[in-house]
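Encoded as structure tokens, the structure appears first; notes follow it.
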Amino acid sequence: MDDDNSSSNESRKRGSSALQLGPRKRALKSDPLVSHGRHFGQTVFALCNYPSLLTNGILRLEQLEDASIEDFSAELILERREHLVFERLLDSYPGLLERLREGSEEEVLHVGELIGKGASAARGEDTKSLKPVVIDWIVPAGEVVLPPLPRNSKISRGFNHPLTGRLLCPAELDWNDAETKQQLQSGEIAVSGDQWPRFLYANETYDPDDPWNGLLRSRLLINAFRHVFTSPSSVEKEPKATRAGNARIHGMTAVTIPSVAYIAMQVRFAICSSSVFSRMDTTTNSETFYHSLLDLLEDPDERGEVTDLFVWWNRQIFPTSSAAKRTLKANSALSKIRQKCAALKDANAGAL
């Protein structure tokens with residue numbers, strides 16, 4: 001490598017992981033990359049420092065000319081995830097790689113800021129819009145909740161209120177136990193981001209002998225997903241939306257793993273007592289929570305459970321899409337018929 005390239009590489013030194021929020025940037029002029037960043041942040045990776053993602057990604061491409069990202073050791077799981085996010089970004093925006101390679105360091109940073117602006121704006125708008133409506137979803141219809149849960153104030157949420165406290169209570173703990181409840185309310189029990197709350201489970205029911213049972217199948221998550229991706233009115237039985245929803249605008253026809261993790265993170269923040277979403281908030285620990293869900297859902301060893309889960313999700317959100325079709329059981333009669341048919345087609349094709 002010549003001196004010019006070495007100098008260029010040195011000028012693009014990597015900072016901290018790109019899969020962490022960077023410092024806030026001033027508002028930038030509207031650009032197609034801003035719109036792209038909005039949907040990318042919701043459906044591919046939510047908490048990302050995009051200037052670092054692009055800078056690190058370009059450098060890593062040079063390293064991988066004679067290797068594969070799969071060659072990275074297990075200890076480098078975050079770096080592997082970061083590069084996969086970078087590749088997804090390149091694939092989703094034609095011409096982006098050429099623009100980055102041909103552009104200056106300032107251009108790379110500018111592109112990252114534009115994408116980051118869109119992702120940040122979408123996250124902020126979703127946080128704001130979910131804040132009042134989540135109360136409508138968790139308060140039983142026709143019932144009066146005491147003490148009241150204001151739609152536009154969060155101070156009484158979290159473990160401060162019996163309703164939101166029960167939803168946020170770590171699944172392995174018993175909210176009905178007076179001592180546990182008191183310790184959660186006082187902060188004596190500190191809840192980390194990888195202690196998943198009960199609202200993630202269908203009917204808020206956690207089975208310690210089968211932790212997958214009902215996981216990420218709650219009605220609260222479905223309502224929030226529809227609110228963000230299809231339209232607020234689609235949460236109701238008879239949608240009233242007059243404008244295309246976020247999913248239709250961006251051609252989204254299947255639920256993605258990161259989009260479910262994103263919605264879970266948003267709901268968790270909506271029912272907690274913290275008023276401002278912050279990467280430095282050790283109380284909500286949203287980044288750890290988000291990463292912990294991705295760790296499970298992207299684990300190859302959990303592929304069977306994850307496949308079934310997302311067939312279920314797509315039936316709820318995109319019931320007419322191919323992604324909503326249930327996978328066949330390996331030893332079923334139908335699967336064997338289809339295997340035989342496929343084998344005959346292959347044999348006939350080989351004879352031609």
Side-chain angles (χ1 to χ4, degrees), residues 21 46-47 123-206 208 211 214-228 232 235 260-293:
L21 290 178
L47 306 176
R123 187 176 64 249
E125 290 168 15
D126 293 338
T127 298
K128 182 178 180 180
S129 67
L130 286 169
K131 177 181 174 180
V133 297
V134 73
I135 299 302
D136 301 334
W137 301 333
I138 66 175
V139 173
E143 291 189 19
V144 177
V145 175
L146 295 175
L149 270 173
R151 297 175 85 250
N152 294 308
S153 172
K154 298 188 68 183
I155 193 170
S156 59
R157 301 184 191 183
F159 295 123
N160 300 322
H161 195 281
L163 191 54
T164 51
R166 188 186 75 243
L167 293 171
L168 286 171
C169 180
E172 68 273 15
L173 300 181
D174 181 8
W175 176 253
N176 293 319
D177 178 75
E179 183 178 0
T180 298
K181 182 185 298 185
Q182 188 277 326
Q183 289 176 334
L184 286 169
Q185 291 173 334
S186 67
E188 186 176 346
I189 294 179
V191 179
S192 64
D194 56 5
Q195 287 182 280
W196 293 342
R198 285 189 174 270
F199 80 80
L200 294 184
Y201 284 87
N203 301 315
E204 301 159 32
T205 302
Y206 168 69
L215 178 63
L216 295 171
R217 297 181 189 238
S218 72
R219 181 51 48 185
L220 183 55
L221 290 177
I222 292 295
N223 286 349
F225 197 101
R226 287 175 175 162
H227 179 87
V228 169
V235 176
V260 171
Y262 173 79
I263 290 299
M265 178 185 70
Q266 285 281 9
V267 171
R268 182 172 175 267
F269 182 76
I271 60 179
C272 79
S273 58
S274 295
S275 58
V276 179
F277 187 100
S278 171
R279 66 187 186 278
M280 303 301 292
D281 190 341
T282 56
T283 302
T284 58
N285 210 358
S286 293
E287 284 187 311
T288 299
F289 176 72
Y290 180 74
H291 276 278
S292 69
L293 288 175

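Numbers here simply count residues along the sequence, with the first being 1. Worth knowing before you read on, the calculation uses all heavy atoms, side chains too, and leaves out hydrogens, waters and symmetry mates.
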Under a plain distance cut-off of 3.5 Å, with no hydrogens placed, do N285 and T288 share a side-chain donor-acceptor pair?
yes

With a 3.5 Å cut-off and no angle check, do the side chains of E204 and S218 form a donor-acceptor pair?
no

Please report the shortest heavy-atom distance between [X] and [Y], naming the atom on each side.
X	Y	answer
N152	R157	N-NH2, 4.2 Å
C272	L168	CA-CD1, 3.8 Å
W175	Q185	CH2-NE2, 4.1 Å
S153	K131	N-CE, 4.0 Å
I135	L149	CG2-O, 3.5 Å
R166	R198	O-CB, 3.9 Å

Could you check whether any side-chain heavy atom of [X] comes within less than 4.5 Å of a side-chain heavy atom of [Y], counting everything from C-beta outward?
X	Y	answer
V235	I222	no
V191	F159	yes
N223	V267	no
Y201	P211	yes
M265	L47	yes
S156	P150	yes

Check whether any side-chain N or O of [X] sits under 3.5 Å from a backbone N or O of [Y] as a donor-acceptor pair, and report yes or no.
X	Y	answer
S273	G158	no
Y262	Y290	no
Q195	S192	yes
S186	E188	yes

In Å and rounded to the nearest 0.5 Å, what is the [atom1] to [atom2] distance from [X] to [Y]?
X	Y	atom1	atom2	answer
L163	I138	CG	CD1	4.5 Å
L221	I263	CG	CD1	8.5 Å
Y206	L215	OH	CG	9.5 Å
I271	Q266	CD1	CD	12.0 Å
I189	L173	CD1	CG	5.5 Å

Identify whether NZ of Lys or CZ of Arg in R268 sits under 6.0 Å from the centre of the six-membered ring of F289 and within 45° of that ring's axis.
yes

Do we get K128 above F277's six-membered ring, with its NZ or CZ under 6.0 Å from the centre and within 45° of the axis?
no

Take D126 and H227, measure what side-chain contact (heavy atoms from CB on, under 4.5 Å) needs, and give me the verdict at the end.
CA-CA 9 Å; D126 293 338; H227 179 87; over 6 Å; no

For L130 and W137, what are the C-alpha separation, side-chain angles and deciding distance, and is it a side-chain contact (heavy atoms from CB on, under 4.5 Å)?
CA-CA 10 Å; L130 286 169; W137 301 333; 3.8 Å; yes

Mind running side-chain contact (heavy atoms from CB on, under 4.5 Å) on K154 and F269 for me, showing each step along the way?
CA-CA 10 Å; K154 298 188 68 183; F269 182 76; 3.4 Å; yes

For side chain to side chain donor-acceptor pair (under 3.5 Å), just list the numbers for T205 and N203, CA-CA rounded to whole Å, side-chain angles, deciding distance to a tenth of an Å, and then say yes or no.
CA-CA 5 Å; T205 302; N203 301 315; 5.4 Å; no

Could you go step by step and tell me if V144 and V139 meet the side-chain contact (heavy atoms from CB on, under 4.5 Å) rule?
CA-CA 8 Å; V144 177; V139 173; over 6 Å; no

